[in-house]
Protein chains: 2
Amino acid sequence: MGLPAYRIFTMNIPPKQLPMDRPPLDEPGFERDLARLAKALGHPARVRIVRFLLARDACMCGDIVEHLPLAQSTVSQHLKALKDSGLVQGTIAGPRVCYCVDRKVLERFRDLVGRLQPCLEADPDCRGLLDQQEEP
Amino acid sequence: MGLPAYRIFTMNIPPKQLPMDRPPLDEPGFERDLARLAKALGHPARVRIVRFLLARDACMCGDIVEHLPLAQSTVSQHLKALKDSGLVQGTIAGPRVCYCVDRKVLERFRDLVGRLQPCLEADPDCRGLLDQQEEP
DNA sequence: GGATCCTATCGTAGTTCTACGATGAGTGCA
DNA sequence: TGCACTCATCGTAGAACTACGATAGGATCC
């Protein structure tokens, strides 16, 4: 019964519905949120769109289409992916839609990435540990 | 001849081979690198693997398999994706392979995300700009 | 009301992702 | 040499991604 075990990693299902056959890590939403935001930025076109929006603070869909070598429908699809992730907001302004980056979400993404590396300066890398295993 | 226009965003082709029919942004590799690293972290299982590796500094594949509800082959596939992105390094240590996170790459990822938001504190959000377009 | 502009959505085709089991390659030990 | 262990790779099936053109919906303008 229930979902297969690998569904533990499905991003679209709330954590409480997931059959956690192993104890979750400290923050159950951490991995899902980070993965969701990272996935949204996991395409060069979407990175460019976000940069474009940040540079202009806000602009409409047509502006983005003009500056990308992609069809209008494809750009709209990328914008939908960005909106679904929360990174981008779209506000209807008359016949057009004004898009802008939700800087709080972007900051949260930055924060999540930062929390990934808790002790960057502590051990420079794992070389020493590897040498211990290889040489004796 | 040549590649279709949307191939401008293909991540696996060096920039010089790309038919840039529009001028590139300031840093040609920026978007590709950020997208590549973000894509690597765009799956909850890979985020967990990276966290797991960071918590232990380094460990072998079997340890990861034990702590994930995934088959060994699937974990190996995720590790390959992480290795291809550069985030993770694998070192052969006898019959096993010792994996660790390349903290320099992780830091570069964090830097790329940080450079995405050049002036976070400047304009809090784009609401003002939206109001300008909506109301007058 | 009708024309126009902007954007979202539909339908579709090809590619990529993601999961699994099975198998193979490599190392170390008896 | 043979066995055990570890991990990568192969083959495959289903889902998701990504591109496009075509079309529909909503707002504005004449």
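The structure displayed is predicted, hence computed values, not measured ones. Below, read A as the first sequence line, B as the second, and so on, with proteins coming before strands; counting in each chain starts at 1. Values reported hereafter were calculated over all heavy atoms of this structure, with side chains retained and with hydrogens, waters and symmetry mates removed.
Under 4.0 angstrom from either OP1 or OP2 of C:dC20 there lies no side-chain N or O belonging to B:Ser73. Here A:Arg46 reaches the OP1 or OP2 of D:dT18: one of its side-chain N or O atoms lies under 4.0 Å away. Neither OP1 nor OP2 of C:dC17 sits under 4.0 Å from any side-chain N or O of A:Lys39.
Closest to the A:Met60 side chain, of the nucleotides D:dC7, C:dC6, D:dC20, is C:dC6. Comparing C:dC6, D:dC7, D:dA19 by their nearest atom to the side chain of A:His78 picks out D:dA19. With distances taken from any side-chain atom of A:Leu70 to the nucleotides D:dC17, C:dA19, D:dC20, the minimum falls on D:dC20. Picking from D:dC7, D:dC20, C:dA19 the nucleotide with the shortest atom distance to the side chain of B:Gln72 gives D:dC7. Nearest to the side-chain atoms of B:Lys80 among the listed nucleotides C:dA19, D:dT9, D:dC7 stands D:dT9. Among the nucleotides D:dC7, D:dA22, D:dT18, the one closest to any side-chain atom of A:Gln77 is D:dT18.
To the nearest 0.5 Å, the span separating CG on A:Leu112 from CD on A:Glu107 amounts to 11.0 Å.
A:Phe109 and B:Phe109 have perpendicular rings, their planes meeting at more than 60° on a 0 to 90° scale where under 30° would count as parallel.
Look at NE2 on B:His43: it is 11 Å from C1' on D:dA15, rounded to the nearest Å.
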**OP:** In sequence, state the C-alpha distance, the side-chain angles, and the governing distance for B:Leu87 and B:Arg46, and then conclude on side-chain contact (heavy atoms from CB on, under 4.5 Å).
**Re:** CA-CA 10 Å; B:Leu87 264 175; B:Arg46 291 197 285 270; over 6 Å; no
